[in-house]
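Both counts, for ligands and for their atoms, begin at 1 and track the order of listing.
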Amino acid sequence: MTGPEPDAAPVRVIGLTKHFKRQRGEQVVAVDDVSLEVGRGEMVVILGPSGCGKTTLLRCVAGLETPTGGEIHSNGRVVSSARQGVQVPPERRGFGMMFQSYAVWPHMSVRRNVSYPLAVRRVPKAELTERVERILRIVGIAGLAEEYPAQLSGGQQQRVALARCLVADPDVILFDEPLSNVDAKVREELRVELLTMQQRIGFAGIFVTHDQEEATAIADRVVVMCDGAVEQVGPPREVYRAPRTRFVAGFLGVVNEWVGTVQDTSGPQPLVRTPMGEIAVAAENVPSDVGAGDQVAVIARPEVVAVSSDRPDGAGPNVWPATLTTETFRGPYVEQFLEVNGQRVRARGAGREHLSDGQRVFAAAAPRDLRVLAAGDAADDHARDASGAAAGATP
Ligand SMILES: Nc1ncnc2c1ncn2[C@@H]1O[C@H](COP(=O)(O)OP(=O)(O)OP(=O)(O)O)[C@@H](O)[C@H]1O
């Protein structure tokens with residue numbers, strides 16, 4: 001086993017594979033050759049639909065599962081290697097864990113729950129008291145120190161779990177859907193606080209979720225998984241705006257997909273012929289291996305489709321006469337469903353103009369806001385099912 005290296009990444013996963021056997025002997029490849037690095041103080045979010053292998057990946061990193069192949073390093077030290085037969089137990093990996101199943105202990109007060117990780121390490125009493133007080137304050141539960149978990153709300157219990165995790169001062173924390181048991185409002189509050197604490201304390205995190213909004217809100221980098229493998233890794237903005245596959249596009253939010261045939265890729269705005277009409281896409285948003293005659297999908301997020309009652313002034317090539325089918329008020333924005341040449345189009349806007357259902361309008365989208373993806377790479381049925389999102393602009 002190699003020793004810790006100060007400049008090494010807090011977590012490095014190399015070619016990790018985990019197979020399970022089902023009851024009837026059938027093999028499941030839960031994690032399929034995944035490589036990943038988590039930088040110091042970085043929050044990496046693993047996002048994907050149910051059954052894609054997120055939890056198994058995290059459990060392998062934690063040491064709760066023995067990988068079938070590959071390696072895991074913590075600060076340059078090998079903590080798991082199938083080849084070398086190394087499998088360091090969870091408590092000796094130096095990772096904090098905040099899993100749904102790692103609930104707080106009901107028979108201990110908040111203070112004792114939070115003290116526990118230091119008590120088992122025989123941290124001197126004065127230091128223990130000081131560290132526990134500090135963390136209780138940071139997490140905002142100092143006033144609840146003598147309470148028992150049964151007397152706390154779900155959100156407060158999650159704070160206790162977080163405090164218990166942070167008190168040991170881990171440089172990496174593994175989170176498995178830690179906020180899924182609390183209601184939406186508390187969840188959002190905790191999310192913001194978690195980020196604030198992460199910035200203040202500086203720990204790195206691997207955070208598993210199937211909730212794309214949660215992922216984009218907290219991630220420095222998102223790792224999108226599908227069927228055990230990594231589909232795309234990048235900052236949330238990049239993965240959202242420049243998805244590499246239709247699966248990623250559909251999983252990260254609502255998307256319009258217009259399938260068609262590429263006409264010519266020589267100019268600055270290649271044209272794609274679709275049932276909606278010809279669509280111009282900025283050349284830099286067309287993959288280099290796509291050529292004339294290829295079947296592709298043009299991808300448009302609803303917020304890049306502008307709707308107006310008058311033909312927009314100075315508009316570029318993509319302006320389509322449309323019928324507004326329905327418009328729903330969503331508070332910060334309006335959601336619009338349109339029909340363009342028999343195709344459904346979904347748009348999202350500020351709703352400044354008063355429009356009526358059934359009204360003739362114009363839909364427009366700038367070529368630079370559209371992307372072309374190969375039509376064949378779609379695991380998109382999966383994406384649609386998982387996210388409830390609107391690939392093909394179905395509501
Ligand atoms: N102990 C096990 N034995 C057999 N198969 C398993 C075991 N644990 C997980 N699997 C299978 O491995 C695959 C990945 O499961 P995993 O729990 O990692 O997915 P997930 O992405 O975390 O899903 P979810 O979001 O629903 O928790 C699934 O097909 C699952 O049925």
(message) Is there a side-chain contact (heavy atoms from CB on, under 4.5 Å) between Glu335 and Arg346? Walk through the geometry before answering.
(response) CA-CA 7 Å; Glu335 187 90 60; Arg346 194 161 169 174; 3.1 Å; yes
(request) Report the C-alpha separation of Glu26 and Lys21 in whole Å, then their side-chain angles, then the decisive distance to 0.1 Å, and conclude whether the salt bridge (Lys or Arg N to Asp or Glu O under 4.0 Å) test is met. (result) CA-CA 6 Å; Glu26 173 203 346; Lys21 250 207 177 92; over 6 Å; no
(request) Check the pair Glu284, Arg368 against salt bridge (Lys or Arg N to Asp or Glu O under 4.0 Å), reporting the backbone distance first and the verdict last. (result) CA-CA 8 Å; Glu284 63 270 23; Arg368 66 167 186 280; over 6 Å; no
(request) Quick one: do Val372 and Asn285 satisfy side-chain contact (heavy atoms from CB on, under 4.5 Å)? Show the steps, please. (result) CA-CA 6 Å; Val372 161; Asn285 296 344; over 6 Å; no
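At least one cation-pi condition fails for Arg164 and Tyr116: the charged atom is not both under 6.0 angstrom from the six-membered ring centre and inside a 45 degree cone around its axis.
In Arg22, the part holding a heavy atom less than 4.0 Å from any atom of ligand 1 is the side chain. At a heavy-atom cutoff of 4.0 Å, ligand 1 is contacted by both the backbone and the side chain of Thr55.
The protein heavy-atom contact nearest to atom 18 (O) of ligand 1 is Thr56 OG1, 2.5 Å. With hydrogens left out, the protein atom closest to atom 25 (O) of ligand 1 is Lys54 NZ, 2.8 Å, a heavy atom. Phe20 CD2, 3.4 Å is the protein heavy atom nearest to atom 2 (C) of ligand 1.
Proximity annotation for atom 14 (C) of ligand 1: of Pro49, Ser50, Gly51, Gly48, Gly51 comes nearest, heavy atoms only.
Using a 4.0 Å cut-off to heavy atoms of Ala30, the atoms of ligand 1 that qualify are 12 (O), 13 (C), 14 (C). Close contacts of ligand 1 with Val28, meaning ligand atoms under 4.0 Å from a residue heavy atom, involve 12 (O), 29 (O).
Among all heavy-atom pairs drawn from Phe203 and Phe175, the shortest one is CE1-CZ, 4.0 Å.
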